[in-house]
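The structure under discussion appears below in the form of structure tokens.
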Amino acid sequence: MSDRSDPAGTPTVSCARCGETWTLEFELDELQVGNRAVEQFALDHRRHTGHFPDDVSPYVVDCRHCPDEDAFLSETPARRWARTHARHTGHEITLSEPAGTSERISDETEEEDSSEN
């Protein structure tokens, strides 16, 4: 993710697909998300455009049975979403990591994990 700063020190994010660069004053001043400003901008950008800004490689969770899919910028919430969805629906979920690897998560995976504790 382009995490540069403008001359005033405000972080900026760019998107080649949109041909734009944004300063994150709104995220810092209005949303008051502090050090999560870049992450918040990236998630909002995807919600509004369907894609992430430059240099963002999300964790993608995709249900193989229903149209539920989401993307996260860190592994913990992505894994939580996948396990919760699998537990509540019995559906198999694919968790794709930014590195290109993927893992299948199912209700059985959840049971195996809990039996290890």
Side-chain angles (χ1 to χ4, degrees):
M1 188 169 345
S2 300
D3 187 8
R4 298 177 202 96
S5 296
D6 72 354
T10 305
T12 61
V13 174
S14 62
C15 178
R17 288 176 71 176
C18 294
E20 297 282 339
T21 298
W22 297 269
T23 60
L24 302 184
E25 292 166 335
F26 177 77
E27 286 75 13
L28 293 169
D29 298 338
E30 297 295 321
L31 298 180
Q32 299 181 356
V33 292
N35 63 356
R36 301 199 81 155
V38 175
E39 180 178 0
Q40 185 64 54
F41 180 88
L43 292 169
D44 289 343
H45 188 74
R46 180 177 186 257
R47 280 186 206 104
H48 293 286
T49 65
H51 62 269
F52 282 102
D54 296 345
D55 304 325
V56 174
S57 299
Y59 289 82
V60 176
V61 288
D62 186 18
C63 178
R64 299 171 53 105
H65 300 282
C66 61
D68 280 347
E69 175 187 280
D70 210 341
F72 300 88
L73 298 182
S74 59
E75 182 178 6
T76 300
R79 191 166 294 283
R80 182 179 333 118
W81 187 98
R83 287 180 171 168
T84 301
H85 188 80
R87 186 176 76 234
H88 286 274
T89 63
H91 295 168
E92 187 173 274
I93 311 298
T94 302
L95 171 62
S96 301
E97 298 183 8
T101 59
S102 63
E103 171 185 350
R104 289 188 180 161
I105 297 176
S106 66
D107 196 29
E108 289 81 31
T109 305
E110 179 68 19
E111 290 172 12
E112 290 170 14
D113 288 347
S114 63
S115 68
E116 292 175 4
N117 293 328

If you compare all heavy atoms of [X] against all heavy atoms of [Y], which two are closest, and at what distance to 0.1 Å?
X      : Y     : value
Ala71  : Pro58 : CB-CB, 3.9 Å
Leu28  : Ala37 : CD2-CB, 3.7 Å
Ile105 : Ala82 : CD1-CB, 3.7 Å
Thr21  : Ser14 : OG1-CB, 3.4 Å
Asp54  : Ala16 : OD1-N, 2.8 Å

Measuring from atom [atom1] of [X] to atom [atom2] of [Y], what distance do you get when rounded to the nearest 0.5 angstrom?
X     : Y      : atom1 : atom2 : result
Arg87 : Asp107 : CZ    : CG    : 8.5 Å
Tyr59 : Ser74  : OH    : OG    : 7.5 Å
His48 : Cys18  : NE2   : SG    : 12.0 Å
Leu95 : Arg104 : CG    : CZ    : 12.5 Å
Phe72 : Leu43  : CZ    : CG    : 9.0 Å
Phe41 : Trp22  : CZ    : CH2   : 4.5 Å

Taking salt bridge (charged side-chain N to carboxylate O under 4.0 Å, His left out) as the test, write out the residues that go with Arg64, two or more places apart. Glu92

Does Glu20 have any salt bridge (charged side-chain N to carboxylate O under 4.0 Å, His left out) partners at least two apart in sequence or in another chain, and if so, which? none

Evaluate side-chain contact (heavy atoms from CB on, under 4.5 Å) for Gln40 paired with Leu31, printing each intermediate quantity in order. CA-CA 9 Å; Gln40 185 64 54; Leu31 298 180; 4.1 Å; yes

Evaluate the side-chain proximity of [Y] to [X]: yes if any heavy-atom separation is below 4.5 Å, no if none is.
X     : Y     : answer
Asp70 : Arg46 : yes
Leu24 : Thr12 : no
Cys66 : His91 : yes

Hey, are Asp62 and Thr94 close enough side-chain-wise for a donor-acceptor pair under 3.5 Å? no

Does a salt bridge link Glu103 with Arg79, judged by any charged N lying under 4.0 Å from a carboxylate O?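 Answer for the salt bridge query: yes.
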
Just say parallel, tilted or perpendicular for the rings of His51 and His45, cut-offs at 30° and 60°.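 The rings of His51 and His45 stand perpendicular, inter-plane angle above 60°.
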
Check side-chain hydrogen bond (donor to acceptor under 3.5 Å, both in side chains) between His85 and all other residues, then give those that pass, not counting sequence neighbours. none

